A.B. asks: 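Provided herewith is a single structure, encoded as structure tokens, for subsequent inquiry.
Just so you know, these numbers come straight off a predicted model, no measurement behind them. So that the names make sense, note that chain A is the first sequence line, chain B the second, and so on, each numbered from 1. Computed from heavy atoms alone, side chains included, the values below leave out hydrogens, waters and symmetry copies.
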Number of protein chains: 2
Amino acid sequence: MNIILINKEDFLSKNTVCISDSRLVHIRSVLKIQKGDSIHVGITNGSMGEAILTGRDENADFFSVNCSVPPPPPVPVTLVLALPRPKVLRRILQAIASLGIKHIILVHTFRVEKSYWQTPFLSATALREQLVSGLQQAKDTVLPEIQIEKRFRPFVEDRLPLILQNKRGYIAHPYTDSSLTICHNKASVLAIGPEGGFIPFEISLLEKAGMYSFSMGPRILKVETALSVLVSRFLPF
Amino acid sequence: MNIILINKEDFLSKNTVCISDSRLVHIRSVLKIQKGDSIHVGITNGSMGEAILTGRDENADFFSVNCSVPPPPPVPVTLVLALPRPKVLRRILQAIASLGIKHIILVHTFRVEKSYWQTPFLSATALREQLVSGLQQAKDTVLPEIQIEKRFRPFVEDRLPLILQNKRGYIAHPYTDSSLTICHNKASVLAIGPEGGFIPFEISLLEKAGMYSFSMGPRILKVETALSVLVSRFLPF
């Protein structure tokens, strides 16, 4: 955790914040700060800066907050991701948020097990928890938006074409020969399939919607690894 | 698991292989093959191909093996990695192997907790298990070499300069301003620090040995994410 996110509800007045939930454990037992010490904070969906510990009682710490630094620029990628296994989902959402992606579309595909959609990790609270964790890792404040699409075909036929307007669309597909040079400045839609990949019918629907499939080479990577490898091509370094 | 690795010890004759260990569980309960079916296999440090199930008894499956496809080319990166937390180490070794890195140097640094070196995951058997898992994911057969360096300074001063001969050396360092264009065709050494980064003294030793520090941008990524993001720049796609 390289920054602690604070919310509107935490403010007692314009510059005074009270923290009394699980963040307190981190502040007291990991950061171990004393009165007068400061910590890095960010206001959810707002700017970043620092907070000075001004008071402490049994159940809460009180801070004077000064935030004026804008969060880092987002990565211009809309991610279309086949719903991963619940265990992987949590870790991957953290990684997505830390990489700076701001629009995530979780889709059902033929090779996604239907039971995955029953996981409690898809509750709004659980999703937000993982995203906040990723933002706090990366020093960012802007919460990504998550869109859930349990029916592949209506999503691809009806909604994807609108999302693709003025963007390039890429499908990471291990079983194609075409390679593609990603243009990292251009707003893009990136589709990553489930373990085992998209089926040919899904690929053809995605292509009909305006996306291009390309191969990442002969190695078959786990979704988590593939995600970072692909998003790397959009990061400005 | 997209390929099953077989070893010299598994061969009964030139083309006949007997599998009776944990791989059997995967073959029988995940792949669920029957006599006459074939699976993708690779010979450790050798070529890849397929194996046809020719016989089965209570404790073993017997295959006729035909391997003639070379493994994918390695990534020309030597990785110098501050020893991660044991839990992360396992996952990261799998990712490293799947990405095609063939030389990994695990180093101690100031911010690596000394207790990490006590983990059973550093035993030769445990290390190999994770590497094999990564290779079987990626469809590769060539085991990476792991070098353990528990003393940072003698490693950097005495051995790193030799490793750097005819290679470029990069240090991923969140607290520098310089950006760097990675040249993906050129053999390179890539150093990734621990959580919290290398300390300035370590950076200066690495730079004295001939390495260049560069920033990956404003986001601070977990080691696992940073690894894939960085190695991406060396992958030929």
Side-chain angles (χ1 to χ4, degrees), chain A residues 1-3 40 48 69-75 87-88 91-92 94-101 133-140 170 172 174 176-182 184 195-197 214-237, chain B residues 1-3 40 48 69-75 87-88 91-92 94-101 133-140 170 172 174 176-182 184 195-197 214-237:
Chain A
M1 204 185 292
N2 293 300
I3 193 175
H40 296 292
M48 314 193 295
V69 180
V75 167
K87 252 179 82 176
V88 176
R91 221 163 43 221
I92 216 167
Q94 291 181 24
I96 290 168
S98 73
L99 287 163
I101 291 172
S133 172
L135 295 176
Q136 292 186 142
Q137 164 68 38
K139 286 192 159 188
D140 190 357
Y170 304 102
T176 179
D177 276 340
S178 39
S179 70
L180 207 63
T181 304
I182 285 175
H184 78 268
E195 283 178 50
F214 74 103
S215 163
M216 298 172 64
R219 299 176 180 282
I220 302 181
L221 301 174
K222 282 196 178 174
V223 173
E224 298 165 77
T225 312
L227 170 82
S228 303
V229 164
L230 287 166
V231 175
S232 174
R233 305 298 175 98
F234 295 93
L235 293 176
F237 79 91
Chain B
M1 204 185 294
N2 294 300
I3 192 177
H40 296 291
M48 314 193 297
V69 180
V75 167
K87 252 179 82 176
V88 177
R91 219 162 45 221
I92 216 168
Q94 291 181 25
I96 290 168
S98 72
L99 287 163
I101 292 172
S133 172
L135 295 176
Q136 292 186 144
Q137 163 66 40
K139 287 192 160 189
D140 189 358
Y170 303 102
T176 182
D177 277 340
S178 40
S179 69
L180 206 64
T181 305
I182 284 175
H184 78 267
E195 285 178 49
F214 73 103
S215 163
M216 296 171 64
R219 298 176 181 281
I220 302 182
L221 301 174
K222 282 198 178 171
V223 172
E224 296 164 79
T225 313
L227 170 83
S228 303
V229 164
L230 287 166
V231 174
S232 174
R233 305 298 174 99
F234 294 93
L235 293 176
F237 80 92

A.B. asks: Grab the two heavy atoms, one from Lys222(A) and one from Gln137(B), that are nearest each other, plus how far apart they are.
C.D. replies: N-NE2, 3.4 Å
A.B. asks: Show the nearest heavy-atom pair for residues Val229(A) and Ser232(B), with the distance to one decimal.
C.D. replies: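 Result for this residue pair: O-OG, 2.6 Å.
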A.B. asks: Under a 4.5 Å heavy-atom cut-off, does chain A meet the side chain of Pro236(B), its backbone, both or neither?
C.D. replies: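 Nothing of Pro236(B), per the 4.5 Å heavy-atom cut-off to chain A.
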A.B. asks: What pairs with Met1(B) under side chain to side chain contact (heavy atoms under 4.5 Å, CB included), at least two apart in sequence or on another chain?
C.D. replies: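 By the side chain to side chain contact (heavy atoms under 4.5 Å, CB included) rule, Met1(B) matches Ile4(B), His26(B), Gln136(B).
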A.B. asks: So for Leu227(B), is it side chain, backbone, both, or neither that comes closer than 4.5 Å to the heavy atoms of chain A?
C.D. replies: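 The answer is neither part of Leu227(B).
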A.B. asks: What is the distance from atom CG of Asp140(A) to atom CD1 of Ile220(B), rounded to the nearest 0.5 Å?
C.D. replies: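 Asp140(A) atom CG to Ile220(B) atom CD1 measures 11.5 Å (nearest 0.5 Å).
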A.B. asks: Given the options Pro218(A), Ser98(A), Pro71(A), which has more heavy-atom pairs under 4.5 Å with chain B than any of the others?
C.D. replies: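 With the most close heavy-atom pairs to chain B, the winner is Ser98(A).
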A.B. asks: A side-chain contact here means heavy atoms from C-beta on lying under 4.5 Å apart; do Leu99(A) and Leu221(B) qualify?
C.D. replies: yes
A.B. asks: Who passes side chain to side chain contact (heavy atoms under 4.5 Å, CB included) against Val223(B), sequence neighbours left out?
C.D. replies: Leu81(B), Ile92(B), Ile192(B)
A.B. asks: For the atom pair CD (Glu224(B)) and CZ (Arg91(A)), what is the distance rounded to the nearest 0.5 Å?
C.D. replies: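 Here the rounded value is 6.5 Å.
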A.B. asks: For Gln94(B), which atoms come within 4.5 Å of any heavy atom of chain A: side chain, backbone, both, or neither?
C.D. replies: side chain
A.B. asks: Which one of Ala95(A), Ala226(A), Gly100(A) has the most heavy-atom pairs closer than 4.5 Å to chain B?
C.D. replies: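 Going by pairs under 4.5 Å, I would pick Gly100(A).
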A.B. asks: Which pair of non-hydrogen atoms, one from Arg233(A) and one from Leu235(B), has the smallest distance, and what is that distance?
C.D. replies: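 Closest heavy-atom pair between Arg233(A) and Leu235(B): NH2-O, 3.1 Å.
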